[in-house]
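Throughout, protein chains are lettered first and strands after them, A, B, ... in sequence-line order, and every chain is numbered starting at 1.
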Amino acid sequence: MIDQRYDPKAHEQRIYQGWEAAGCFKPSGDTSAEAYSIVIPPPNVTGSLHMGHALNNTLQDILIRMARMQGKNVRWQPGMDHAGIATQMVVERQLAASGGNEDRRSLGREEFVKRVWSWKEESGGTILNQLKRLGASCDWDNERFTLDEDLNRAVNKVFVDLYNEGLIYRAKRLVNWDPHFQTAISNLEVENKEVDGHMWHFKYPLADRQTYTYVEKDEDGNVTLEETRDYISIATTRPETMLGDGAVAVHPDDARYAPIVGKLCEIPVGPKQHRRLIPIITDEYPDPDFGSGAVKITGAHDFNDYQVAKRGKIPMYSLMDEKGFMREDGKSYEQEAEIAQRIAEGNEDWDDAKIAAMNLVPEAYRGLDRFVARTAVIDDITAEGLAVMIPDPKHKDEDVSAPMVPLVENKKIMQPFGDRSGVVIEPMLTDQWFVDAETLAKPAIEAVRSGSTQFVPENWDKTYYNWMENIEPWCISRQLWWGHRIPVWYGPAGEVFCAPTEVEARALAGTGMSLTQDEDVLDTWFSSALWPFSTQGWPNDTDDVKTFYPGAVLVTGFDIIFFWVARMMMMGLKFMDDIPFKDVYIHAIVRDEDGKKMSKSEGNVIDPVDLIDGIEPDALVAKRTTGLRQPEKAPQVEKQTRKRYPKGFDAYGADALRFTLAAMATKGRDINLSVDRVAGYRNFGTKLWNATRFAQMNEAAFGAEIDPNALKLAVNRWIVGEFYTAADEVSRAIADYRFNDAADAVYHFIWDVFCDWYLELSKPLLQGEDAGEIKETRETLGWTLDQILKLLHPFMPFITEVLWDQTADRDGFVMLQAWPGDAEAWQDHDAAAEMGWVIKLISQIRSVRSDVNVPAGAKVPVSVIGATANTARCVDAHRELIMRLARLEKFTLADAAPAGSVKTIVDEATIVLEIADFIDAGEEVARLDKQLGKLGGEITGLEKRLGNEAFVAKAPADVVSEQRERLAELQGTRDKLGQAREQLAAL
RNA sequence: GGUCGAUUAGCUCAGCGGUAGAGCACUGCAUUGACAUUGCAGGGGUCAGAAGUUCGAUCCUUCUAUCGACCACCA
């Protein structure tokens, strides 16, 4: 006999180890079977399991476990991502925290990378153990790490091949630069956030104090402002970049500035005698209606300006070093400014290299942080009187005595931040490696258009197209140390040799040339993009590659469609000449119960492991109040946490968590995780556990084979049919990635059908006298529970395995049993109709009893009037059962009702409850009236519809006949109830 | 600005051209019978608003309102 209660803690880890030891997670190797593979989205080696992982991996495990039970040759490919920036950050922080004065640079590259590796060996991969706690049935024997040697070979081959095809190239471009990590990052790693910013307005004086008439007109062409000016007004949110201006641009149609286009103006910063003059040019980019309509062009520090500068051949001057400080190198400002001025005047030729080397930062600002420099520039310009002034807005409009103050607009501006570092990104002109993504994207777009790869839900394809069709070159080089080193070597004169290994690079270079390898590493996502085939042994032509590529499905969140999905599509099609997966299932993001994103810094995280193992309230509070972004909010977080989870979390177990996530995995974008639901599904596990105990107590024949056609009892034939209906629904739902429907179907079958009805209906049989009936029912009961354990297994692998193990002497794990949902559906419609009637009857009698408050212990006589032959047979066949479940004193057929009884209608028959003692005639009439009212409404609606000629003529015939039948049935019920009411009212 | 999505029971959410569903919460009854981590019964919804298509709209179309996500972005 199994224990009185199921304790997940006592079983889960033991069961998992049992599976692993028995090699259950390995592919079957059955080459005649269909292959089914999924690659795990490799979690960061630094990571720990959060609710998003729990959802993601639960869904994959459900798919994998079902496929495995279906006899497919299954591989769930596990592994981890080296996560370049994230991991380097962790180890750098450790160095900083260790108190010594060691840092990355003082250690040197080799030693630092060694430290990262040893950290990885020690504490990396926590998350994989957490995945095991969740029950993930990954093929651990084939675990991979994106920095593994063989994966590195794949990376190098891909790089070299793309380089040789011209699809990877090195170029000086404006890139997003992270001054904290001192590396370039791709535009996907930049987060644009709205922040409070300021816009300053400055006057750029015209060269030689020239003047012009500045005229503003309104929409009707009336002059609203006309004045003589010797300057052009410029607005900027980043005054420190003025030092690198190469021009001022106005729109070609902007009449205000037409008189001065082509003239020079002066940047009002720096030592007066050496200020630079820059040309006023025209370009389509400036919007005449925004600000002054004139834009300063700083090609080296702004992406829009970069485009204008390229179009207009405007020099681009880099102002900052890699840390985001104003440059200190190079010649004096005076010397550079002079050259720059000759260039601006067209008196000197220039080339990119010379321009890039020039330092146009005046000595006073050199070495300043860019934000400090900003303040200095503003102060200096304002002090000189070159800020645009307005009357102090604090004074009233007409107040002529109002002092003049500099115009500073406070406004929301979008600012780019590094998604890892959180610092403001600086566009910088640097040499980087790029992938020609546009070329690679074309087949990847086509693969989705043609349906070779399908997004589920399909509307995600729009997001995919949207990005892919406007894709920009992918910057893949990173100035980091942790990652795949770029397989490029340089000769002394800058000769480039791209080869998979240094040996091969030397062979290309010829003897005697000294080579140095490119210092940079590749974007982490470059190696992730190869994951579906690099993990299977590519570039070797292995059996695994042939068997497990392409995968069946990729399961992931929408947040990495661009980062990862799109890039796997591009690389897979390029190098494998085939899509990497047939379906892309995009699941929702898990949020807290209020729909807020779970975030450690907000203190609303629910750790999946805490739901599995349970956590005390104090520990939960402690966890949530550490690492808050605003530590002063700790009391508030504590209050909320204690209010919402006064008892912390029970140890619900992995099964309950998994089932919850599956049941909530609908097609929407968000899942608001509710702990109450986890508790509810834990109860579901308990319910199954107790049902199994009941079966054991009644000597259910677990492991029995049954032939449904040989079953004699309607109850047993009925439950077998119900099982197949449920199994079919579960199979179809999972195949369609409708995890919630699948979970609902199995839940409903087990609880509402099997436990609530079958177990109750089978009790009299199991505890009866007839040996044949007992045997058949014990077999059916055991068989059905066996099937239930299999059907539920992908959702709740642990409890089903425990029950499988403890109920019979089995010759294998439930996880390797044949999936029951593929069996040919067996149905007995007569038995279904018969039991359907019995269930309806019992429910109805119970309902009446409850409505009129018949004491639970009271047994009442009930008779059936107007039964058809079929119903009469049911009455006879199930009399004992019905009397027991509905608590009846007697249950007979009759011709007429005794006076003072209560009636209810089941199909064509009137059911008469002789409970006059318990009822008040007036109340009963009211009760019937209420029912009659409801019926009347429905009948009127149906009559109206059926009376509508257009409906009868145009609606499908089956709909019409269905509604006719329904109307007839309702009318019959109404008539019978009406009679009952009249009889009662007459008393 | 572009794209996608949401608005259904007190709460969290399914559903979807033809009788509105689940879980939790709520109400009444049941306590040593597999299970109170339970059972039985029940209350509760003009399916955001408006117009249209249709024999018929919660569902399709358009518009409006509110909320959200992603992408881009005006110096």
Residue [X], side-chain heavy atoms: nucleotide from [options] that is nearest:
| X | options | value |
| --- | --- | --- |
| Asp741(A) | G33(B), A14(B), U12(B) | A14(B) |
| Ala691(A) | A34(B), A75(B), A72(B) | A34(B) |
| Asn740(A) | A75(B), C55(B), A14(B) | A14(B) |
| Asn690(A) | A75(B), C35(B), C70(B) | C35(B) |
| Thr666(A) | C4(B), A34(B), A14(B) | A14(B) |
| Asp851(A) | G42(B), C70(B), A75(B) | G42(B) |
| Tyr747(A) | A75(B), A34(B), G23(B) | G23(B) |
| Lys934(A) | A72(B), A34(B), G43(B) | G43(B) |
| Lys687(A) | A34(B), C55(B), G42(B) | A34(B) |

Look at all strands and tell whether [X] reaches a base, only sugar-phosphate, or nothing, counting heavy atoms closer than 4.0 Å.
| X | answer |
| --- | --- |
| Lys944(A) | nothing |
| Lys462(A) | sugar-phosphate |
| Asp756(A) | sugar-phosphate |
| Arg849(A) | nothing |
| Gln415(A) | nothing |
| Arg682(A) | base |
| Asn948(A) | sugar-phosphate |
| Gly947(A) | nothing |
| Met414(A) | base |
| Ser674(A) | nothing |
| Trp200(A) | nothing |
| Leu942(A) | nothing |
| Arg5(A) | base |
| Pro855(A) | nothing |

**Request:** Apply salt bridge (Lys or Arg N to Asp or Glu O under 4.0 Å) to the pair Arg5(A) and Asp3(A), showing each step before the final yes or no.
**Result:** CA-CA 5 Å; Arg5(A) 282 205 180 155; Asp3(A) 294 345; over 6 Å; no

Separation of atom [atom1] in [X] from atom [atom2] in [N], rounded to whole Å:
| X | N | atom1 | atom2 | value |
| --- | --- | --- | --- | --- |
| Met242(A) | A75(B) | CE | P | 16 Å |
| Tyr285(A) | A72(B) | OH | C1' | 13 Å |
| Asn853(A) | C29(B) | CG | P | 8 Å |
| Glu938(A) | U19(B) | CD | P | 9 Å |
| Leu885(A) | G33(B) | CG | C1' | 13 Å |

**Complete:** Taking for Arg945(A) and for Phe684(A) the nucleotide of RNA chain B with the nearest heavy atom, the one nearer the 5' end belongs to Arg945(A)

**Prompt:** Which sits closer to the 5' end of RNA chain B, Gln963(A) or Asn466(A), going by the nucleotide each is nearest to?
**Reply:** Asn466(A)

Opposite nucleotide pairing with [N], Watson-Crick or G-U, both atom distances under 3.5 Å:
| N | result |
| --- | --- |
| C13(B) | G21(B) |
| A6(B) | U66(B) |
| G39(B) | C29(B) |

**Request:** Take Arg966(A) and Glu938(A) through the salt bridge (Lys or Arg N to Asp or Glu O under 4.0 Å) test and state the conclusion after the steps.
**Result:** CA-CA 10 Å; Arg966(A) 169 115 184 108; Glu938(A) 215 175 321; 2.3 Å; yes

**Request:** Please name the residue in the list Phe694(A), Phe798(A), Tyr6(A) that meets the ring-ring contact (aromatic ring centres under 6.0 Å, His included) test with Trp689(A).
**Result:** Tyr6(A)

**Output field: ring centroids Phe562(A)/Tyr464(A) closer than 6.0 Å** = no

**Aromatic ring proximity, centroids under 6.0 angstrom, Phe795(A) and Phe659(A)** = yes

**Item:** Minimal non-hydrogen separation, Pro288(A) against Arg256(A), with atom names
**Value:** O-NH2, 2.9 Å

**Complete:** Trp757(A) and Arg846(A) have their tightest heavy-atom pair at CH2-NH1, 3.7 Å

**Asked** Any luck finding a side-chain donor-acceptor pair between Thr237(A) and Lys411(A) under 3.5 Å?
**Response** no

**Prompt:** If the P atom of U58(B) is compared with that of A20(B), how far apart are they to the nearest Å?
**Reply:** 10 Å

